[in-house]
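Reviewing the structure listed below.
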2 protein chains.
Amino acid sequence: MAEAPVRGFPPQEFADRTKRAQSRMSEAGIDAILLTTEAELRYFSGYLTQFWQSPTRPWFMIIPATGKPIAVIPAIGATCMGRTWIEDIRTWSSPQPEDEGISLLVETLKETIGTGGILGISEGPETHLRMPVSDYRRMMTLLPGFATRDCSAILRDLRMVKSEAEITKIAHVCSLVSDVFEDLPNFIHPGMSETEVFQRFKIKCLEHGVDDVSYLVGGAGQGGYGDIISPPSERPITKGDVLILDTGCIFDGYFCDFDRNYAFGHASDQAKRAYEAVYAATEAGVAAAQVGATCADLYHAMQDVMTKAGALGNDVGRLGHGLGMQLTEWPSNTPQDQTVLKPNMVMTLEPGMTFAPGLVMVHEENIVIRESGPEFLTRRASPTLPIL
Amino acid sequence: MAEAPVRGFPPQEFADRTKRAQSRMSEAGIDAILLTTEAELRYFSGYLTQFWQSPTRPWFMIIPATGKPIAVIPAIGATCMGRTWIEDIRTWSSPQPEDEGISLLVETLKETIGTGGILGISEGPETHLRMPVSDYRRMMTLLPGFATRDCSAILRDLRMVKSEAEITKIAHVCSLVSDVFEDLPNFIHPGMSETEVFQRFKIKCLEHGVDDVSYLVGGAGQGGYGDIISPPSERPITKGDVLILDTGCIFDGYFCDFDRNYAFGHASDQAKRAYEAVYAATEAGVAAAQVGATCADLYHAMQDVMTKAGALGNDVGRLGHGLGMQLTEWPSNTPQDQTVLKPNMVMTLEPGMTFAPGLVMVHEENIVIRESGPEFLTRRASPTLPIL
């Protein structure tokens with residue numbers, strides 16, 4: 001088992017992220033950014049807690065034009081936030097639905113920007129505002145001199161390019177889960193239900209050192225499977241099944257996201273050919289994943305291989321995506337996405353194809369883009385469908 | 001180990017939920033409700049997937065004035081949604097940021113309501129809209145005859161009162177995790193780091209039959225702990241520590257949410273007295289948890305005990321909350337919350353107090369409100385601080 005990287009980041013990492021944001025804010029004429037979601041707050045502060053699963057309390061962070069971010073948060077988070085590099089931590093006693101931090105937030109925004117200005121809000125694709133709509137409306141009413149401007153492109157450009165410390169965490173969890181997948185033939189057997197398979201896999205990942213198995217989906221079926229986002233069923237694995245497990249495990253707040261396929265006893269020629277097609281598509285994807293190429297280039301490189309192999313379509317809607325603090329991040333490998341690959345972007349390559357009515361084959365690996373060419377973070381799957 | 005309840009719900013359960021929503025919509029003059037969040041879609045459909053962790057794609061469900069809900073979702077979800085009771089499933093190929101389901105959603109809303117009407121949106125406390133702000137704005141521009149009205153009170157009133165089938169699932173996961181906490185002295189020892197303690201606890205819960213350990217927070221410190229929402233540290237447990245573990249485990253999409261405290265070797269009289277105070281506060285809370293009482297009554301019953309015991313405050317901001325499909329649900333045990341307890345509400349009682357500078361003691365149990373009085377779903381903690 002690989003030695004775990006150091007947890008957390010040095011304060012300089014957050015200072016650099018903040019400075020880069022402030023430089024882009026200045027260019028865009030944004031006076032301050034208001035953040036409300038887990039990944040955004042954590043990106044600028046290192047604030048890591050599972051407490052976000054409770055929908056009760058909103059959490060706010062303001063990125064001012066200069067200086068450190070300001071946290072405006074429920075009192076329950078003060079101690080945990082106090083361990084980060086953030087110094088200005090303002091709290092209110094929450095829950096308090098009649099004024100859920102809004103007065104304190106408005107006061108802090110006025111103190112930061114003055115009586116009027118441009119407030120950056122994440123409004124673009126893949127974002128949402130994690131606060132009640134009624135509170136947002138009230139906040140804007142209390143800020144009559146303020147206008148909002150979408151800042152989601154700034155945040156996604158920053159987050160898309162990872163630091164070496166971030167890549168080390170992603171590489172670590174990819175390595176741990178690669179070990180577990182390689183060991184899978186030793187602990188998964190026909191006769192186990194899908195539920196048991198999922199349980200054993202989760203335990204193995206935890207024993208091996210991941211913090212959480214946040215995401216595990218997949219399933220098995222005779223000759224192939226039909227979808228890849230379902231929870232497990234009570235159906236036992238039987239000979240002739242093809243099983244897919246697709247997992248997002250976490251180490252120190254960073255995800256892997258990849259899958260593996262296994263057949264039991266025997267597999268149809270169709271399934272074997274489909275597996276080899278998605279494997280070859282991944283090879284084509286990684287060959288195309290050079291600095292300066294676009295996500296559309298990755299898409300076409302992979303899709304061409306699958307089209308030639310007789311793919312009947314793909315309901316996933318893309319052939320991979322960004323990866324890091326969330327299971328999936330911007331950008332997407334689609335024909336429309338013209339995002340240009342830069343060094344230190346971490347991506348998944350996820351070719352998938354329907355190979356017979358109701359049967360799909362999906363493969364996924366994780367890579368990092370480097371000046372010298374892409375590097376695998378996952379250990380490459382078998383080139384042929386493993387038959388257990 | 002208790003036998004697991006049947007997974008899922010009969011279609012009648014979803015039909016009943018939908019009819020109750022439609023009756024309230026009719027009273028409120030709402031022509032259709034638009035849902036965007038995981039718990040809301042699942043409540044009306046049974047659609048259960050971890051795929052929500054990907055922020056890329058919005059998911060929509062419309063509750064019309066009559067008839068079944070309509071799903072407007074990314075194509076990747078069609079197979080999984082097709083296994084629910086929902087019949088009208090409309091899909092678009094996603095991701096497609098330039099039109100992320102909005103045209104299809106607008107077309108479906110017009111078909112459902114006509115050229116104008118009142119659209120219910122969750123805008124109140126504890127809610128958010130899980131779609132990009134820019135897409136929401138575009139949707140409303142494309143629906144010029146529509147006005148919105150907050151429907152969050154309707155949804156929370158419905159979800160607050162659980163069915164027997166829901167209670168059975170919550171009771172099951174509470175029972176499993178009670179077993180694991182009772183077994184904890186056999187697998188947690190001084191010398192293990194907090195990270196190891198968390199890992200062992202998660203594995204034990206999975207081995208014992210929970211689907212996921214979605215939430216595990218806490219920590220240990222000499223004489224007591226300082227906050228209850230942090231991830232584990234590498235610090236080893238030593239004699240004189242007090243450890244709290246607070247967990248939200250899941251069975252079939254339903255949560256438990258409770259904690260247990262343990263001292264190692266010895267504990268201060270202060271810590272012992274604080275433990276006995278929060279235990280006694282829980283007793284007072286459960287005695288007060290009668291049909292017709294309010295959440296404020298529960299708060300005062302518990303707080304009075306802690307005040308008399310010398311409590312120095314409480315940063316949590318409430319003394320328990322609703323529980324079910326989410327780790328925390330409406331309502332809250334605060335002095336302001338006048339929600340009246342009804343049969344089949346599932347609540348946590350969570351008295352917590354600062355008992356010395358920087359040291360808190362928090363206790364939590366889960367109960368269901370019944371006509372005949374409250375019933376514990378968790379097996380009651382030890383009345384005195386366990387010393388391992």
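Below, each value reflects all heavy atoms present in this structure, side chains not excepted, and no hydrogens, waters or symmetry copies. This one's a predicted model, so the numbers in the text were calculated from it and none came from an experiment.
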Main chain of B:L206, side chain of A:Q199: is a donor-acceptor contact present, judged purely on distance under 3.5 Å?
yes
Go through the atoms of A:S54 and report whether side chain, backbone, both or neither lie under 4.5 Å from a heavy atom of chain B.
both
Measure A:W330 against the heavy atoms of chain B and call it side chain, backbone, both or neither at under 4.5 Å.
side chain
Name the region of A:T127, side chain, backbone, both or neither, that has any atom closer than 4.5 Å to a heavy atom of chain B.
both
Residue selection (most heavy-atom pairs with chain B, distance under 4.5 Å) from A:S94, A:A39, A:S122:
A:S94
Counting heavy-atom pairs under 4.5 Å with chain B, the top scorer among A:D150, A:T49, A:T36 is A:T49
Rounded to the nearest 0.5 Å, the CD1 atom of A:I229 sits from the OG1 atom of B:T79 at a distance of 8.0 Å
Counting N and O atoms only, with roles assigned by atom type, does the side chain of A:Q50 sit under 3.5 Å from a partner on the main chain of B:P231, one being a donor and the other an acceptor?
no
Return the CD1 to OG distance between B:I121 and A:S134, rounded to the nearest 0.5 Å.
12.5 Å
Side chain, backbone, both or neither: which part of A:E98 has a heavy atom under 4.5 Å from chain B?
side chain
Heaviest contributor of heavy-atom pairs below 4.5 Å to chain B, chosen from A:E123, A:H128, A:E100, is A:E123
Nearest atoms (heavy-atom pairs only) where A:P132 meets B:P125:
CG-CA, 4.2 Å
Nearest-0.5 Å distance that lies between atom SG in A:C80 and atom CD1 in B:I228:
11.0 Å
Non-hydrogen atoms of chain A under 4.5 Å away: do they reach the side chain of B:S214, the backbone, both or neither?
both
Most heavy-atom pairs under 4.5 Å with chain A, out of B:Q336, B:R7, B:E329, belong to B:R7
Does any heavy atom of chain B fall under 4.5 Å from the side chain of A:F198, the backbone, both, or neither of them?
neither
Rounded distance (nearest 0.5 Å) linking atom OG of A:S230 with atom CG of B:L48
9.0 Å
Under 4.5 Å, counting heavy-atom pairs only, tell me which of A:L216, A:D227, A:L327 racks up the most with chain B.
A:D227
Side chains of A:T56 and B:R318, donor plus acceptor under 3.5 Å:
yes
Can you tell me how the ring of B:F51 sits relative to the ring of A:Y215, calling it parallel under 30°, perpendicular over 60° and tilted otherwise?
tilted
Sort A:E234 into side chain, backbone, both or neither according to what part of it lies under 4.5 angstrom from a heavy atom of chain B.
side chain
What part of A:Y136 lies closer than 4.5 angstrom to a heavy atom of chain B: side chain, backbone, both or neither?
neither
Under 4.5 Å, counting heavy-atom pairs only, tell me which of A:R57, A:R83, A:E126 racks up the most with chain B.
A:E126
Select one option (side chain, backbone, both, neither) describing which atoms of B:Q326 are under 4.5 Å from chain A's heavy atoms.
side chain
Enter the distance from A:M131:CE to B:L129:CG here, rounded to the nearest 0.5 Å.
12.5 Å
Chi angles and distances behind the side-chain contact (heavy atoms from CB on, under 4.5 Å) call for A:V213, B:K202:
CA-CA 10 Å; A:V213 185; B:K202 287 174 191 175; over 6 Å; no
Which bit of A:V210 is near chain B, if near means a heavy-atom gap under 4.5 Å: side chain, backbone, both or neither?
neither
Give me the atom names and distance for the closest heavy-atom approach of B:G317 to A:P95.
O-CD, 3.6 Å
